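Keep in mind it's a predicted model, so treat the numbers as computed, not measured. Sequence positions, counted from 1, serve as the residue numbers for this chain.
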Amino acid sequence: MTSHRPPPGGPSVASQAVTRAFGPGRVNLIGEHTDYNEGLCLPFAIAAGVTVAVRDGPDNAIEAHARDLGEEDVFALREPQPADGWRAFVRGVVAELQRAGHRLRGGTLSIRGDVPRGRGLSSSAALEVGLALALLAHSGVPEPDRRDLARLCSRVENEWVGAQTGLLDQLAALFASEGHAVRLDMRTLAIEPVPLRLERWRLATVDSGVEHSHAESGYNRRREECRAACAALGISSLRDADPVAAAALPAPLDRRVRHVLTENDRVDRSVAALRAGDLPELGRLLDASHASLRDDYEVSVPEVERTVQRVKDLGAAGARMVGGGFGGAILALFGPGRPLPADAVEVRPSAPGRVLAA
Ligand code: GLA
């Protein structure tokens with residue numbers, strides 16, 4: 001926890017103490033655009049993430065340094081005001097933690113990360129979770145219930161950043177389990193770790209080269225379409241949609257609902273495939289998920305299509321876009337002995353967000 005030694009005769013150990021916490025990025029194996037429809041998702045955390053170090057600083061202020069960007073922000077602890085970009089996350093987490101009744105201490109934050117931004121690997125949730133865990137630990141506040149913390153981080157994204165995202169990324173970052181994917185039921189918030197035994201198979205992400213922003217992409221529009229479909233069907237969530245009634249909706253709402261229903265089904269078929277060790281079936285389900293996201297949900301873009309096609313041509317057993325879409329990385333599954341493309345990054349199911357030991 002302590003990163004520097006106090007100089008002889010210098011300030012006390014307490015004032016030099018550094019608290020560090022880590023929020024991981026995530027890959028959603030399958031179950032895309034289902035979270036805000038009370039559906040099913042199957043994410044896992046990756047080793048890349050955001051580390052936040054906090055040390056004592058100004059009493060009633062937060063001084064934050066985004067080391068990778070070479071930028072900083074200073075704001076009043078008790079009344080953070082809205083801001084743009086990465087500052088919105090920091091101010092939002094500080095404000096929402098206090099709004100939830102956690103008494104925070106001021107301090108100096110140093111933020112570093114290695115999850116590429118705008119790539120569908122949830123650098124945002126990694127940042128929120130790293131910030132929240134670091135600020136709570138620095139302030140001596142016991143960690144709250146992790147589901148509540150996930151909701152709090154998601155409010156930051158909705159209300160401070162302006163992206164109407166669901167809970168998938170935050171739950172993944174807080175409930176991941178090493179060596180497992182986690183089946184999330186977004187209606188009950190039941191969380192079930194599912195062993196991700198790849199044996200000699202490998203999962204890798206490949207960047208499409210297109211960055212996205214949920215606050216500005218078509219993401220919020222898809223959420224509106226889902227609400228419109230619910231209103232037309234007289235239900236409160238697409239989890240309950242009747243496929244026959246949905247098929248009679250005007251386009252594109254019929255296709256949007258079909259994606260959500262078939263994707264929920266693919267999550268459970270993926271869980272079954274993993275439990276049976278049937279990785280070729282998992283590959284087929286990834287392909288089917290991608291086709292549905294492209295054709296029914298319409299969140300792919302030409303660069304993502306080209307990237308999926310490229311890895312399929314190289315022999316991937318399955319490949320699909322990950323995250324909200326409109327750019328970002330793709331996820332591909334490679335069978336034993338298949339070489340990964342030169343620009344692929346292998347991903348393995350890693351540990352959840354945590355306060356780092358000294
Ligand atoms: C983004 C959002 C999530 C989820 C996915 C799509 O990552 O942050 O809440 O909706 O898109 O599955």
Side-chain angles (χ1 to χ4, degrees), residues 20-29 32 35 41 43-53 64-71 73 83-93 96 109-135 149-150 152-158 160-176 204-217 219-220 299 304 321-331 343-354 356:
R20 293 189 309 133
F22 176 78
R26 63 100 190 91
V27 162
N28 192 17
L29 189 56
E32 218 68 90
D35 64 341
C41 311
F44 61 89
I46 56 176
V50 175
T51 300
V52 179
H65 299 267
R67 299 290 179 200
D68 306 312
L69 304 174
E71 293 178 1
D73 190 23
D84 291 332
W86 67 274
R87 293 178 178 85
F89 289 91
V90 182
R91 293 176 179 214
V93 169
E96 293 298 327
L109 273 61
S110 179
I111 304 164
R112 279 179 208 282
D114 59 356
V115 194
R117 268 167 293 139
R119 299 301 197 238
L121 303 175
S122 201
S123 56
S124 310
L127 175 59
E128 292 148 18
V129 165
L131 282 166
L133 294 177
L135 284 162
L149 199 53
L152 186 149
C153 290
S154 166
R155 273 201 302 281
V156 171
E157 213 146 315
N158 296 167
W160 289 77
V161 179
Q164 300 306 311
T165 50
L167 258 192
L168 159 67
D169 308 331
Q170 294 78 11
L171 286 176
L174 285 161
F175 285 92
T205 58
V206 183
D207 193 3
S208 72
V210 183
E211 197 174 322
H212 67 184
S213 143
H214 292 325
E216 282 143 31
S217 71
Y219 186 96
N220 290 350
V299 288
V304 166
M321 50 149 281
V322 281
F326 303 101
I330 65 137
L331 174 71
D343 56 338
V345 178
E346 190 172 354
V347 284
R348 292 197 181 84
S350 303
R354 60 204 176 272
L356 299 173

Could you tabulate the donor-acceptor pairs under 3.5 Å formed by side-chain atoms of residues 116-125, not counting sequence neighbours?
unit_1	atom_1	unit_2	atom_2	d
Arg119	NE	Asp207	OD1	3.2
Arg119	NE	Asp207	OD2	2.8
Arg119	NH2	Asp207	OD2	3.4
Ser122	OG	Asp169	OD2	3.4

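In this structure, Ile111 CD1 and Asp68 CG are separated by 9.5 Å, a value rounded to the nearest 0.5 Å. With values rounded to the nearest 0.5 angstrom, Glu71 atom CD is found 6.5 Å from Trp86 atom CH2. From Glu128, atom CD reaches atom CG of Leu174 across 9.5 Å, with rounding to the nearest 0.5 Å. Rounded to the nearest 0.5 angstrom, Phe326 CZ and Glu211 CD are separated by 15.5 Å. In this structure, OG on Ser110 lies 3.5 Å from CZ on Arg67, to the nearest 0.5 angstrom. Atom CD in Glu96 sits 13.0 Å away from atom CG in Leu131 (nearest 0.5 Å).
In terms of modelled atom types and a separation under 3.5 Å, the side chain of Asn28 and the main chain of Gly323 share no donor-acceptor contact.
In terms of heavy atoms, Ala176 sits closest to Ala351 at CB-C, 4.3 Å. Taking every heavy atom of both residues into account, Ala21 and Ala134 meet most closely at CB-N, 3.4 Å. When all heavy atoms are compared, the tightest approach of Phe89 to Val156 is O-CG1, 3.9 Å. The minimum heavy-atom distance between Ala344 and Val206, with the atom names listed, is CB-CG2, 3.8 Å. Here the closest heavy-atom approach between residue Leu356 and residue Thr51 is recorded as CD1-CG2, 4.0 Å. Among all heavy-atom pairs drawn from Ala126 and Gly25, the shortest one is CB-N, 3.9 Å.
Put simply, the side chain of Val129 does not reach to within 4.5 Å of the side chain of Val50, judged on heavy atoms. At least one side-chain heavy atom of Leu168 sits under 4.5 Å from a side-chain heavy atom of Cys41. Side-chain contact between Val210 and Val304: absent, with no pair of heavy atoms (C-beta onward) separated by less than 4.5 Å. Side-chain atoms of Arg26 and Phe44, non-hydrogen and from C-beta on, never get closer than 4.5 Å to each other. Residues Asp73 and Arg91 meet the side-chain proximity criterion, which asks for heavy atoms closer than 4.5 Å. The closest side-chain heavy-atom distance from Arg348 to Ile46 is not below 4.5 Å.
Ion pairing between a basic and an acidic side chain is recognised when a charged N comes within 4.0 Å of a carboxylate O; Arg155 and Glu157 show no such pairing.
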Using side chain to side chain contact (heavy atoms under 4.5 Å, CB included), reason through Val299 and Met321 one step at a time and then give a plain yes or no.
CA-CA 9 Å; Val299 288; Met321 50 149 281; 3.7 Å; yes
Test side chain to side chain contact (heavy atoms under 4.5 Å, CB included) applied to Ile330 and Thr205, step by step:
CA-CA 5 Å; Ile330 65 137; Thr205 58; over 6 Å; no
Exercise for the section: Would you check, one step at a time, whether the test side chain to side chain contact (heavy atoms under 4.5 Å, CB included) holds for Val93 with Leu135? Expected result: CA-CA 9 Å; Val93 169; Leu135 284 162; 4.0 Å; yes
